[in-house]
Amino acid sequence: MKETVLLSIEENLNNVEADLKERKITLVAVSKTKPVEDIKTAYNVGVRDFGENKVQEFMKKQPLLPDDIRWHLIGHLQRNKVKYIVGKVYLIHSLDSIRLLNELERRYSAKKLTANTLIQINIGREESKTGIYVDDLERLIGACEKCTSVKVKGLMAVIPKGDEESCRHYFKEMKSIFEDLKKREFKNISMDILSMGMTHDYKIAIEEGSTLVRVGEGIFGKRNYNK
Ligand SMILES: *Cc1c(COP(=O)(O)O)cnc(C)c1O
């Protein structure tokens, strides 16, 4: 995707959306590290779903942007940050522990609001990544069923870096877990959203059953972390 760096945000969006159309796939434009002006550019051509991975950055940008944006929190969520996001985000992609679940339940129920979440699975079992291991899924699901103010809408994964074959392997594993859960009945849990696929692998992710892709650099160009 080297060439996309040279294209405008509008041109990149056109290209990505062409890949998604006719498939009812949600595009979340990942705006982390990017200025509010870039978000406005994408907003002005119709994008409403934006992803941020840091609560602090989200809190800075959100008040400067239109109210009808659906904010997706895609990064690891620390329990002590939950209080800042209550009622402000559309979907939390990174539910990854019972302790975080309990804090969401506590903070959202206090405000009589509902937290919509995805369970993040560390499908490659990488130490550097967050998300729960598949072995811990049933316990987390059991805890979610006891909640009153947290709903689980599906699953999310960031897969290990690798070639196409490796990507397909992990996407297939996620899809299979997703479909198995879909067949079962839970309280508070439905399998509507399978959030997987980023700039370099979203086309493969879609072929393997993703319903939501999170694309950053493929829309906004390369990120510069040393600014
Ligand atoms: C940064 C990020 C993305 C987007 O990555 P790109 O390679 O820029 O498309 C997607 N998901 C998560 C969780 C991220 O942190």
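Owing to the predicted nature of the structure, the values given are computational and were not obtained by experimental measurement. First listed ligand is number 1; within each ligand, the first listed atom is number 1. Computed over heavy atoms, backbone and side chain alike; hydrogens, waters and symmetry mates excluded. We're numbering straight along the sequence, starting at 1.
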*Based purely on interatomic distance, does E217 place a nitrogen or oxygen under 3.5 Å from a nitrogen or oxygen of ligand 1?*
yes
_Lys/Arg-Asp/Glu bridge criterion (N-O < 4.0 Å) met for E126, K129_ = yes
*Quick one: do E179 and K183 make a salt bridge, cutoff under 4.0 Å?*
no
*Aromatic ring pairing W71/F50, orientation class (parallel under 30°, perpendicular over 60°, tilted between)*: tilted
*Aromatic Y133 / basic R125 pairing, under 6.0 angstrom, 45° off normal*: yes
_Nearest-neighbour protein heavy atom for atom 5 (O) of ligand 1, which is reported as residue plus atom name and distance_ = M198 CE, 3.5 Å
*Among protein heavy atoms, which lies nearest atom 11 (N) of ligand 1, and at what distance?*
R214 NE, 2.8 Å
*ligand 1 and G216, any nitrogen or oxygen pair closer than 3.5 angstrom?*
yes
*Shortest protein heavy-atom distance from atom 9 (O) of ligand 1, along with the residue and atom involved*: T199 OG1, 2.4 Å
*In the protein, which heavy atom is nearest to atom 12 (C) of ligand 1, and how far is it?*
I74 CD1, 3.5 Å
*Only one of V152, L100, L77 clears side chain to side chain contact (heavy atoms under 4.5 Å, CB included) with I92; which?*
L77
*For atom NZ of K187, is the number of surrounding heavy atoms from other residues, nucleotides or ligands below 6.0 Å larger than 12?*
no
*Which ligand 1 atoms does V215 reach within 4.0 Å, using its non-hydrogen atoms?*
9 (O)
*CA sep, side-chain torsions, deciding dist, call: N116, Y108, side chain to side chain donor-acceptor pair (under 3.5 Å)*: CA-CA 10 Å; N116 289 311; Y108 275 78; over 6 Å; no
_For V158, the ligand 1 atoms whose distance to one of its heavy atoms is below 4.0 Å_ = 13 (C)
*Measure the distances from the heavy atoms of R223 to every atom of ligand 1 and state whether one is below 4.0 angstrom.*
yes
*What is the closest protein heavy atom to atom 14 (C) of ligand 1, and at what distance does it sit?*
K32 NZ, 3.0 Å
